[in-house]
Amino acid sequence: MLKIALYGLPGAGKSTAAKVLTQELSSKGIDVARLRLAEPLYEAQRAVYAMAGRPLADENQQDGRLLNLLGTEMRRINLEALTGPFTYRVRQAEAESPKTVLLCDDLRAPDVATVTLLGFRLVEISAPAALRRSRRQARGDLSAGDESHPTEAPLRWSRGAGSTTPATLPSTGSVWPCWPGS
């Protein structure tokens, strides 16, 4: 089973790359399942906004500051608050659909060890700062997360037995110049 985890700074194009990859593989008859590692954070963000009397109109909107805070505090309370449910969903997908490609488009530094142990290949999505800023504005982010926050830190990996160096996919706009067929 092929497993791919995309990572990069907010607005780099991870979700867009995931959509393009999903479309490309689906057009070839390959099933793809998107598993978001931070799904508990997105659920908590929706709940906080609803409880504050301002339900989110668009599920894609992100409050970066709130997500940074929630991620930090959830990991403080339980180191496996995000990776535990993610691991369960990965194992469930492996058992139910062993030929499906698993795609995670929200990997963050604190979760690299778990994701690599689950067999995911890491792919960095990068984009210039100005492009990332404009993308966050275009999707209506409610606040920008702190790019120096530990969850936004560059990934570090070991070159131990069985490990591979992550690939990098530069995003320069709406199309990736090195993407097959682009």
Side-chain angles (χ1 to χ4, degrees), residues 1-28 30-42 45 58-65 67-68 70-71 82-83 86 89-90 93 100-159 163-182:
M1 171 178 272
L2 179 60
K3 302 173 198 165
I4 302 167
L6 306 178
Y7 69 94
L9 290 171
K14 299 177 298 292
S15 294
T16 302
K19 288 176 190 170
V20 170
L21 183 57
T22 299
Q23 291 170 350
E24 184 69 23
L25 292 172
S26 295
S27 74
K28 295 179 179 354
I30 299 169
D31 291 328
V32 179
R34 179 178 174 209
L35 300 176
R36 297 191 318 172
L37 195 142
E39 187 57 42
L41 291 180
Y42 307 129
Q45 173 187 254
D58 181 353
E59 193 171 288
N60 293 320
Q61 284 183 308
Q62 295 182 13
D63 184 332
R65 287 176 43 202
L67 290 170
N68 285 163
L70 290 171
L82 302 180
T83 58
F86 181 75
R89 292 192 319 272
V90 168
T100 297
V101 173
L102 299 185
L103 182 58
C104 170
D105 68 357
D106 63 353
L107 175 61
R108 295 293 189 262
D111 309 311
V112 169
T114 297
V115 171
T116 54
L117 284 173
L118 288 168
F120 280 80
R121 296 287 310 251
L122 308 184
V123 178
E124 178 182 19
I125 307 297
S126 64
L131 179 57
R132 289 187 285 106
R133 244 186 329 276
S134 69
R135 286 178 174 161
R136 291 193 312 265
Q137 289 171 345
R139 74 178 178 206
D141 278 7
L142 301 162
S143 74
D146 179 358
E147 291 190 0
S148 65
H149 190 272
T151 59
E152 306 302 344
L155 299 191
R156 306 216 188 296
W157 66 94
S158 75
R159 295 193 196 307
S163 70
T164 59
T165 302
T168 299
L169 188 59
S171 171
T172 57
S174 61
V175 177
W176 283 267
C178 59
W179 196 267
S182 61

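When only modelled atom types and interatomic distance are considered, Tyr42 and Asp106 share a side-chain donor-acceptor pair under 3.5 Å.
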Inset, instruction - Please step through salt bridge (Lys or Arg N to Asp or Glu O under 4.0 Å) for the pair Asp105 and Arg34, ending with a clear verdict. - result: CA-CA 8 Å; Asp105 68 357; Arg34 179 178 174 209; 2.9 Å; yes
Inset, instruction - Could you walk me through whether Phe86 and Phe120 pass the ring pair (Phe, Tyr, Trp, His ring centres under 6.0 Å) test, one step at a time? - result: CA-CA 12 Å; Phe86 181 75; Phe120 280 80; 5.6 Å; yes
Inset, instruction - Starting from the C-alpha separation in whole Å, work towards a yes-or-no answer on side-chain contact (heavy atoms from CB on, under 4.5 Å) for Leu122 and Tyr7. - result: CA-CA 7 Å; Leu122 308 184; Tyr7 69 94; 3.9 Å; yes
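Side-chain atoms of Lys14 never come within 3.5 Å of backbone atoms of Ala5 as a donor-acceptor pair (strictly under, hydrogens ignored).
Between atom OG of residue Ser26 and atom NZ of residue Lys19 there is a gap of 13.5 Å, rounded to the nearest 0.5 Å. The structure places CZ of Arg121 at 12.5 Å from CG of Leu6, a figure rounded to the nearest 0.5 Å. Separating the CD1 atom in Ile125 from the CZ atom in Arg132 is a distance of 13.0 Å, to the nearest 0.5 Å. Atom CD1 in Ile30 sits 9.0 Å away from atom CG in Leu21 (nearest 0.5 Å). Distance check, rounded to the nearest 0.5 Å: CD of Glu124 to CG of Leu107 gives 11.0 Å.
In plain terms, the two heavy atoms of Leu131 and Ala127 that are nearest each other are CD2-CB, 4.0 Å. Closest non-hydrogen pair, Leu37 versus Asp111, comes out as CD2-OD2, 3.2 Å. In plain terms, the two heavy atoms of Gln45 and Leu70 that are nearest each other are N-CD1, 3.8 Å.
Annotation: side chain of Leu103 is not in contact with side chain of Leu35 (no heavy-atom distance under 4.5 Å). At least one side-chain heavy atom of Ile4 sits less than 4.5 Å from a side-chain heavy atom of Leu2.
Applying the side-chain contact (heavy atoms from CB on, under 4.5 Å) test between Lys3 and each of Thr116, Leu102, Val115 identifies Leu102 as the sole match.
A search for side chain to side chain donor-acceptor pair (under 3.5 Å) contacts involving Glu39 returns Arg36, Arg46, not counting sequence neighbours.
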